[in-house]
There are 2 protein chains.
Amino acid sequence: MTTDQLSLTFSALADPTRRAILARLAGGEASVKELAAPFKMTLPAVSKHLKVLERAKLISRGRDAQWRPCRLRAEPLREVDDWVERYGQFWDESFGRLDDYLVELQSKEKDHDEPKDYR
Amino acid sequence: MTTDQLSLTFSALADPTRRAILARLAGGEASVKELAAPFKMTLPAVSKHLKVLERAKLISRGRDAQWRPCRLRAEPLREVDDWVERYGQFWDESFGRLDDYLVELQSKEKDHDEPKDYR
DNA sequence: CAGTTAGTTAACCAGATGGTGAAATGAAGC
DNA sequence: GCTTCATTTCACCATCTGGTTAACTAACTG
């Protein structure tokens, strides 16, 4: 497994159960049993998901008698946001159309036996 | 494996090699060999990474003689951005401090034998 | 045609992941 | 101390992942 924080964050988020848990925690802290309730899987399975989230620093856990309340720690998501923002220019529609146009130009160059530039 | 688009996108991004490939493609399309050059892994390994990215719709591939040029398809990243933006309020520092304050209050309630509310 | 270049597919491997049931731990309540 | 509730740990399992080497396909080149 990769150990950098961003990879850790992305792989923690790559599971709908874990994203649902985060969504729930956005509404306030919750115990493991409460977090597990909406899912059909067993408690140990949820416990594992929580460990993944904790390792990714997306949650932290306290202690209140026999409960281990979980709380959202969204800081790593800021790093995700920073990363994804760098691609913002590439997903706007007008860029897509310009892109297609450039591809067409390149195809025409190819017809003329021009070498392609793969920079 | 989970099949929803968002999980597919997150897990495709959860690998530094694949993120590096996307970064490279942000500078323009490239052949498989060119994409593989910076890495010490073999070509089939890169080919697999490209297949993951393609399945996540983060790249598309053309055909130019013996080359299979790859191009960035950043649209799925918009979905990631939308998802992560919902947590923006949770990673700002002042919220964190307010949060800690509320936890402290809750601890005090516990000292008074007040029942906790986990909603 | 034979040879070269670009890339994929196939078979394999080690280790991670996501789930299970059963047993262990920890704290509270009687 | 025994019981109960919340949660974790353990042992196990199937599947996915990320890498390898070797063999194959596809297209150009001479």
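Letters A, B, ... mirror the listed sequences (proteins, then strands); counts begin at 1. The figures that follow rest on heavy atoms only: side chains count, while hydrogens, waters and symmetry mates do not.
Rounded to a whole Å, the CG atom of A:Leu35 is 10 Å from the P atom of D:dT8. The distance from atom CZ of A:Arg18 to atom C1' of C:dG19 is 12 Å, rounded to the nearest whole Å. Rounded to a whole Å, the CG atom of A:Leu53 is 12 Å from the P atom of D:dT8. In this structure, A:Asp15 places its CG atom 11 Å from P of C:dT17, rounding to the nearest Å. The distance from atom CZ of B:Arg63 to atom C1' of D:dT25 is 9 Å, rounded to the nearest whole Å.
Applying the side chain to side chain donor-acceptor pair (under 3.5 Å) rule to B:Ser47 yields no partners; only residues at least two apart in sequence or on another chain are considered. Residues passing the side chain to side chain donor-acceptor pair (under 3.5 Å) test with B:Arg19, sequence neighbours excluded: A:Asp4, A:Ser7. Under the rule for a side-chain contact (heavy atoms from CB on, under 4.5 Å), the partners of B:Asp15 that lie at least two apart in sequence or sit in another chain are B:Thr17, B:Arg18, B:His49. For the side-chain contact (heavy atoms from CB on, under 4.5 Å) test, no residue two or more places apart in sequence or in another chain qualifies with A:Gln66.
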N/O-N/O pairs, protein side and nucleotides 4-12 of chain C side, under 3.5 Å:
unit_1, atom_1, unit_2, atom_2, d
C:dA6, OP2, B:Lys33, NZ, 2.8
C:dG7, OP1, B:Val32, N, 3.1
C:dG7, OP1, B:Arg68, N, 3.3
C:dG7, OP2, B:Lys33, N, 2.7
C:dT8, OP1, B:Arg61, NH1, 3.0
C:dT8, OP1, B:Arg61, NH2, 3.1
C:dT8, OP2, B:Ser47, OG, 2.4
C:dT9, OP2, B:Lys51, NZ, 2.6

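In terms of phosphate contacts, A:His49 brings a side-chain nitrogen or oxygen within less than 4.0 Å of OP1 or OP2 of C:dG19.
The stretch residues 40-51 of chain B participates, sequence neighbours left out, in no salt bridge (charged side-chain N to carboxylate O under 4.0 Å, His left out) pair at all.
Ring geometry, B:Phe10 versus A:Phe10: the interplanar angle falls from 30° to 60°, so the pair is classed tilted.
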